[in-house]
There are 2 protein chains.
Amino acid sequence: MSPELIDRLREAGYKITPPRLAVLEVIQREGEHLNPNEILAQAQAIHPQTGRATVYRTLELLTNLGIVRPIYVGDSGPTYIRAEGGHHHLVCSQCGRILDFEQCVADSMERELEARFGFRIKSHLLEFYGLCADCCGEETTGAS
Amino acid sequence: MSPELIDRLREAGYKITPPRLAVLEVIQREGEHLNPNEILAQAQAIHPQTGRATVYRTLELLTNLGIVRPIYVGDSGPTYIRAEGGHHHLVCSQCGRILDFEQCVADSMERELEARFGFRIKSHLLEFYGLCADCCGEETTGAS
DNA sequence: AATCAAATGAGACGAAATCTCATTTACAGC
DNA sequence: GCTGTAAATGAGATTTCGTCTCATTTGATT
Ligand SMILES: [Mn+2]
Ligand SMILES: [Mn+2]
Ligand SMILES: [Zn+2]
Ligand SMILES: [Zn+2]
């Protein structure tokens, strides 16, 4: 586990415990789009006694420290990602398909927003909603 | 209730029922950021027998038709908004504060993404995450 | 090693969402 | 206006997810 992240915890006054190390390890390793249950399962692979409550508590802690953040995409519940950088999705509101794209104009807004609102921006989420190519065709197709 | 939306339902082969009209009416009237419980309560003010399951079923239906969509902001559960237009938030990952801003560069990307992926884009969500002015100061403050 | 607040895990609890199924209803066809 | 029929509904059971409680453990400091 990255000593850098461990120091972030320690310097904020938190204890370095096996469950916290396990959750950090899971996030660090997998990184993207794990939900709390999956994080729990993988953390238990590392430290079997890890409890559900502790995973939720740790995720809240890491969120407050700006190390991870929850993301809600599609219908499923929250998933956690590292709190740095951007995420960009095209979401079909009919079939739920999700496409990722990379190039993004949001970065150009960050400086101005930081100045205007006094925020220190760490990441962003840009999602476009609509109908994918497949669902465009069926657009007028009827009920079940 | 807007006859235009009613026709969208009818033409898609769905029946026009009192609960569906009630939910549509609520969304149309209030529009922003109502959660399923609030929608249920307001729909019951219009059509008292309306059941919870039907509200969920109707919201799913309207989502598939691209009339509404769920949005997840902060910690609270999903809320529903009309599926047109953009939403722009600055979210403090420490205290949860949410600021809205209007001017947005995302529209300029829509045409290109539509061409590249064959999507028909209806709306977007742009969220920046970071620390608000207040929380920037306390950044290194310790644990509970 | 001793101390002590912080952290933990088991399980109770609560809220939110889904599922089941018997009943009702919208509406196309007459 | 009736009728037949599949679609839609609502009550309540059930599941899923997340939080809370509290007795016990443990990391960090001295
Ligand atoms: Mn992604
Ligand atoms: Mn908004
Ligand atoms: Zn689609
Ligand atoms: Zn803040």
Side-chain angles (χ1 to χ4, degrees), chain A residues 1 3 6-24 34-65 68 70-72 74-80 96 141-144, chain B residues 1 3 6-24 33-65 68 70-80 96 141-144:
Chain A
M1 175 47 23
I6 293 180
D7 284 348
R8 294 267 297 277
L9 278 197
R10 204 191 310 273
E11 276 157 26
Y14 296 105
K15 295 183 177 174
I16 308 304
T17 67
R20 284 175 177 167
L21 286 175
V23 170
L24 268 180
L34 294 177
N35 66 38
N37 264 327
E38 294 163 338
I39 294 172
L40 171 63
Q42 297 199 26
Q44 285 177 333
I46 299 173
H47 179 68
Q49 310 98 298
T50 306
R52 179 186 318 277
T54 298
V55 167
Y56 279 98
R57 288 186 285 232
T58 302
L59 289 173
E60 184 186 4
L61 170 62
L62 297 179
T63 300
N64 289 340
L65 288 176
V68 305
I71 191 177
Y72 300 81
D75 44 357
S76 56
T79 62
Y80 283 80
T141 307
S144 56
Chain B
M1 177 43 26
I6 293 181
D7 284 347
R8 295 267 298 277
L9 277 197
R10 205 192 310 273
E11 277 156 25
Y14 296 105
K15 296 183 177 174
I16 308 304
T17 67
R20 284 175 178 169
L21 286 175
V23 170
L24 268 179
H33 299 290
L34 293 177
N35 67 37
N37 265 326
E38 294 163 338
I39 294 173
L40 171 63
Q42 297 199 25
Q44 286 178 332
I46 299 174
H47 180 68
Q49 308 99 299
T50 306
R52 180 184 319 275
T54 298
V55 167
Y56 280 97
R57 289 187 284 231
T58 302
L59 288 173
E60 183 185 6
L61 170 62
L62 297 179
T63 300
N64 288 340
L65 288 177
V68 304
I71 190 177
Y72 301 80
V73 55
D75 46 356
S76 57
T79 61
Y80 283 81
T141 306
S144 53

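Lettering follows sequence order; numbering is per chain, from 1.
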Rounded to the Å, how far apart are [X] [atom1] and [N] [atom2]?
| X | N | atom1 | atom2 | result |
| --- | --- | --- | --- | --- |
| B:Leu61 | C:dA26 | CG | C1' | 15 Å |
| A:Glu38 | D:dT16 | CD | P | 15 Å |
| A:Leu40 | C:dT8 | CG | C1' | 14 Å |
| B:Tyr80 | C:dA17 | OH | C1' | 10 Å |
| B:Arg20 | C:dA26 | CZ | P | 11 Å |
| A:Tyr72 | C:dA17 | OH | P | 12 Å |
| A:Gln49 | C:dG9 | CD | C1' | 10 Å |
| B:Leu21 | C:dT25 | CG | P | 15 Å |

What distance do [X] atom [atom1] and [Y] atom [atom2] have between them, rounded to the nearest 0.5 Å?
| X | Y | atom1 | atom2 | answer |
| --- | --- | --- | --- | --- |
| B:Leu24 | B:Ile6 | CG | CD1 | 7.0 Å |
| A:Leu65 | A:Glu11 | CG | CD | 11.0 Å |
| A:Glu60 | A:Thr58 | CD | OG1 | 10.0 Å |
| B:Ile39 | B:Thr50 | CD1 | OG1 | 12.0 Å |

Original post:
With distance as the sole test, does B:Arg52 use its side chain to make a donor-acceptor pair with the main-chain N or O of B:Leu40 at under 3.5 Å?
Top reply: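 Between the backbone of B:Leu40 and the side chain of B:Arg52 there is no qualifying donor-acceptor contact (under 3.5 Å).
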
**Prompt:** Does any N or O in the side chain of A:Gln44 come within less than 3.5 Å of the main-chain N or O of A:Ala41, such that one atom is a donor and the other an acceptor?
**Reply:**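 Not confirmed, A:Gln44 side chain does not pair with A:Ala41 backbone.
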
For nucleotides 17-30 of chain D, 5' to 3', base contacts (B), sugar-phosphate-only contacts (S) and non-contacts (-) with protein non-hydrogen atoms under 4.0 Å give SSBBB-----BS--

